[in-house]
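Written out below as structure tokens is the structure these notes cover.
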There are 2 protein chains.
Amino acid sequence: MARAGLTTERLTRAGADLADEVGFDHVTASELARRFDVKVASLYSHVRNTHDLRTRIALLALEELADRASDAVAGRAGKDALTAFANVYRDYAREHPGRAAATRMSLDPETAAASAGVRHAQMTRAILRGYDLTEPDQTHAVRLLGSVFHGYVSLELAGGFSHSAPDSQETWTRTMDALDALLRNWPTPPTR
Amino acid sequence: MARAGLTTERLTRAGADLADEVGFDHVTASELARRFDVKVASLYSHVRNTHDLRTRIALLALEELADRASDAVAGRAGKDALTAFANVYRDYAREHPGRAAATRMSLDPETAAASAGVRHAQMTRAILRGYDLTEPDQTHAVRLLGSVFHGYVSLELAGGFSHSAPDSQETWTRTMDALDALLRNWPTPPTR
DNA sequence: GCGTTTGCCTAAAGCGTTTAGGCAAATTAG
DNA sequence: CTAATTTGCCTAAACGCTTTAGGCAAACGC
């Protein structure tokens, strides 16, 4: 009986592809086994369980995304960097909807801390160096940017912005303008 | 054999409660049947299938959320309205994480169009009347606000902002400041 | 070549979904 | 008030996904 050459690595990668094809929450051990022409039980030597598989896909996607983002911001600054960075998120989600959905899965704290999520935060901070923000405003801004990217991409992918004018690309461009303007004129807390 | 008094309505409501307790994607027909002390098959007279059940929960949550939001913005304007509106989203998600997750489920276009999602967009527009925005900027702003609320709440609920200073409440407050400032000084598109 | 490790297998149990068909309770009509 | 009809929940059964236990054979290390 020839061996299929399963590894955790290959399963994760194939799982990510599967996610892009059928949606992250239709990623199933059974389907994966089918694709490798292998019995389901065989997967369990390489992956603890379905949740473990999903987690690995999420981590893979976070890494890929961080790599792309890293490339994108290299040699750029200010609004240019901001836009390039944001576009990475949006483009990745459009090319790889399943992987993108995976990045939205909630990871347990230890896993999250060991993930590329940390790199994402660092890169966001790097971008903010082009603006005049000091702590704690920088952290607030990191969180705000994360929220916008995350939220926009989710809504767009869910079809929230289709079938209504103006088209999503236009809003995206203007969102970049808005964020740039906001970061250049970050408000000091009004007296409350 | 006494009847349990199942209705689509009651199932949906119980499903929503279940979602808040165990998480939206652990909402299962079996568990729901257990809670009503009824056989699983009995549910299928009231609900087409599990996806139908989930969709109904999502629609319920959207309605509840719209009702709350409607109350919150009544009699308020400007930043006051913006903050009250935003707080509704955040508070709802904290009180009802399962229902909130349901609102993030992607609905097919017809269902979405018939949902309270439409009311949400209208209310957001109403809030923007306190700022000086005309179309198409108003639509861009509606989408941006939606993205921020949606994204922030998701990330916060996933634990993204816990275990690091400053605390999430502080960022939330400053996010309101930032959005208010942004809307008051909405940038015109730079010459590109 | 031989022993050990490793990889994939068969088998089986458990649980969730969904459909088909049936009996009894509730409702409506005469 | 009883008879007919509708409605609500049932049993039964098929199917798919997950997960564990235990086995045989291929690959590898000496």
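All chains are named by letter (A, B, ...) in the order of the sequence lines, taking the proteins before the strands, and each is independently numbered beginning at 1.
In this structure, of D/dC17, C/dC8, D/dT19, it is C/dC8 that holds the atom nearest to the side chain of A/S45. Distances from the side chain of B/K39 to the nucleotides D/dC10, C/dT10, C/dT17 place D/dC10 closest. The A/A41 side chain lies nearest to C/dT10 when the options are D/dT18, C/dT10, C/dT17. When distances run from any side-chain atom of A/Y44 to the nucleotides D/dT18, D/dT11, D/dC9, the shortest one goes to D/dT18.
Atom-to-atom, CG of B/D37 to P of D/dG8 comes out at 18 Å; the value is rounded to the nearest Å. For B/R10 and D/dG8, the CZ to P distance is 13 Å, given to the nearest whole Å. Here the P atom of nucleotide C/dG16 and the CG atom of B/L53 are 14 Å apart, to the nearest Å. One can place CG of A/D25 at 17 Å from C1' of D/dG16, the figure rounded to the nearest angstrom. Whole-Å rounding puts the B/L11 CG to C/dT17 P distance at 13 Å. One interatomic measurement links the two molecules: CG of B/D52 to C1' of C/dT18, which rounds to 13 Å at whole-angstrom precision. In this structure, CG of B/N49 is placed 5 Å from P of C/dT18, rounded to the nearest angstrom. B/H26 places its NE2 atom 11 Å from the P atom of C/dG16, with the value rounded to the nearest Å.
Under the 6.0 Å cut-off for aromatic ring centres, A/Y131 and A/W186 do not qualify, their centroids lying 6.0 Å or more apart.
Ion pairing between A/E63 and A/R119 holds under the 4.0 Å rule for side-chain N and carboxylate O.
When all heavy atoms of B/F24 and B/G98 are compared, the closest pair comes out as CB-O, 3.7 Å.
Between B/S30 and C/dC15 there is no side-chain N or O to OP1 or OP2 distance below 4.0 Å. Between D/dC9 and B/H46, a contact under 4.0 Å exists linking OP1 or OP2 to a side-chain N or O. Proximity of A/T28 to the phosphate of D/dG16: no side-chain N or O atom is located under 4.0 Å from OP1 or OP2. Phosphate contact (OP1/OP2 of D/dC10, side-chain N/O of B/S42, threshold under 4.0 Å): present. For C/dG16, one of the phosphate oxygens OP1 or OP2 lies less than 4.0 angstrom from a side-chain nitrogen or oxygen of B/R34. OP1 or OP2 of D/dT19 has at least one side-chain nitrogen or oxygen of A/T50 nearer than 4.0 Å.
Within 6.0 Å of CZ in A/R125 there are more than 12 heavy atoms belonging to other residues, nucleotides or ligands.
One distance of note links CZ of B/R35 with CD of B/E21; it measures 4.0 Å at 0.5 Å rounding.
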